Number of protein chains: 2
Amino acid sequence: MQRPVARRRAAPLRGAPSQANLDLEMVARAQPVIERLRAAGIQPSAQRVAVASYVLATDEHPSAERVWTVVKRTLPVISRATVYNTLNLLVRHGLLHELVLAPGRTVFDPKLERHHHFVDDDTGRIIDVPWDAIAVGEPRGLPGLAVREYQVVMRGRQRTARARR
Amino acid sequence: MQRPVARRRAAPLRGAPSQANLDLEMVARAQPVIERLRAAGIQPSAQRVAVASYVLATDEHPSAERVWTVVKRTLPVISRATVYNTLNLLVRHGLLHELVLAPGRTVFDPKLERHHHFVDDDTGRIIDVPWDAIAVGEPRGLPGLAVREYQVVMRGRQRTARARR
DNA sequence: TTCGAGATCTAGACACTGTCTAAATCGAGC
DNA sequence: GCTCGATTTAGACAGTGTCTAGATCTCGAA
């Protein structure tokens, strides 16, 4: 299969951006994200910056598939594997949390401050609950268990005016 | 009164010398399970009794696939769909809890008393933590959220001699 | 400038999990 | 025995996440 038009490849973002004249505003907006990636020891490629720009700033709790959809709007040729790889990379480097809510329903959360989660039984909607809203004693006295992190997961219903079943 | 447990027998399982003894033992053991199913309003078919006999008694936190494997030892022709359907049925009727630990890692827990969970980072092993081991204040004062159930999910490492990487 | 090494990205195949469907079978009541 | 509804079966299907081979990129060295 011939490719009539040259495919876009990873833009040169390592080191000084050599194509800075492409979109100065985008580069300027991306700058803090690039800093964060560098600070975390992640090489900031164009794809990674695009993914991180969305997923580290949203409060949507997006799924991987949703991230792919959104990021494609600004970087149309990014592949699914790259999105998954980048999300895993961000999780491994502690910039992102992964929440598994139900079978086949994994979601990402950039909020790094400690907080709890509430999951709506009907809609599956996730709501962040401030850490101070629930009094939880530090788990200790658990022989043989070194607790790295913990949180309260609540399930129930969100009492909105309409959502009733 | 007594229900034939394995009505249609297809193929003998390899290396099962005393299948008859196994069946007798199973029938005797199945009686309380049948009662529980009936009490929950579930029609106790042979397949359901076989699934429930294992999954309601284990402390293994098995996955659906694991349940299928184990149940097939006593009921060789049970289909995957039936196992999934039965597990969902048990969950819907409150005899079983579903835990989603990681993408593609859903597990079932027959322990109905309130308790918390600890997940080992390295091995994925799940450990039940008694309710009283952690002081958690009742979640309230959460505007618009009707909490049905909640628990603490801890992650970290189990300090055993072996769990090492 | 050219080259090569290593990092990154892509497309698609693959594996796994869970659901759905149509048809077969069961079992209770007539 | 017959019928009807519930249940089960096998396999197809759908969604999610990983893996692979090869292409492309960047950088530093020659």
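Chain A is the first sequence line, chain B the second, and so forth, proteins listed ahead of strands; every chain is numbered from 1. Fair warning: this is a prediction, and the values are worked out from it, not measured in the lab. Both backbone and side-chain heavy atoms feed into the values below; hydrogens, waters and symmetry mates do not.
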Tell me: [atom1] of [X] to [atom2] of [N], nearest whole Å?
X: B:R48; N: D:dT7; atom1: CZ; atom2: C1'; value: 6 Å
X: B:L87; N: C:dG18; atom1: CG; atom2: C1'; value: 11 Å
X: B:N85; N: D:dA6; atom1: CG; atom2: C1'; value: 12 Å
X: A:L101; N: C:dG18; atom1: CG; atom2: P; value: 15 Å
X: A:W68; N: C:dG12; atom1: CH2; atom2: P; value: 10 Å
X: A:L75; N: C:dT10; atom1: CG; atom2: C1'; value: 12 Å
X: B:Q43; N: D:dT7; atom1: CD; atom2: C1'; value: 10 Å

### Query
Under the ring-ring contact (aromatic ring centres under 6.0 Å, His included) rule, what pairs show up with a residue in residues 47-66 of chain A, not counting sequence neighbours?
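Listed once each, the pairs are A:H61-A:H117.
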### Task
Please check if the side chain of B:R48 supplies one atom and the backbone of B:Q43 the other of a donor-acceptor pair under 3.5 Å.
yes
Could you go over nucleotides 13-17 of chain D and give all protein N or O partners under 3.5 Å, atom names and distances?
| unit_1 | atom_1 | unit_2 | atom_2 | d |
| --- | --- | --- | --- | --- |
| D:dG17 | OP1 | A:T106 | OG1 | 2.8 |
| D:dG17 | OP2 | A:Y84 | OH | 3.3 |
| D:dG17 | N7 | A:R80 | NH1 | 3.2 |
| D:dG17 | N7 | A:R80 | NH2 | 3.3 |
| D:dG17 | O6 | A:R80 | NH2 | 3.0 |

### Query
Under the salt bridge (Lys or Arg N to Asp or Glu O under 4.0 Å) test, which residues partner B:D128, sequence neighbours left out?
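For B:D128 there are no salt bridge (Lys or Arg N to Asp or Glu O under 4.0 Å) partners, ignoring immediate neighbours.
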### Task
Would you list the pairs meeting side-chain hydrogen bond (donor to acceptor under 3.5 Å, both in side chains) in which at least one residue belongs to residues 88-101 of chain A, sequence neighbours left out?
none
### Task
Using the side-chain hydrogen bond (donor to acceptor under 3.5 Å, both in side chains) rule, collect all pairs that involve residues 76-85 of chain A, keeping only residues at least two apart or in two chains.
A:E65-A:Y84, A:S79-A:T82
Are any of [X]'s side-chain N or O atoms less than 4.0 Å away from OP1 or OP2 of [N]?
X: B:Q47; N: C:dC26; value: no
X: A:T82; N: C:dC9; value: no
X: B:S45; N: D:dT8; value: yes

## Note on the structure
Contacts of B:V153 meeting side-chain contact (heavy atoms from CB on, under 4.5 Å) (sequence neighbours excluded), chain-then-number -> A:V153, B:Q151, B:R155
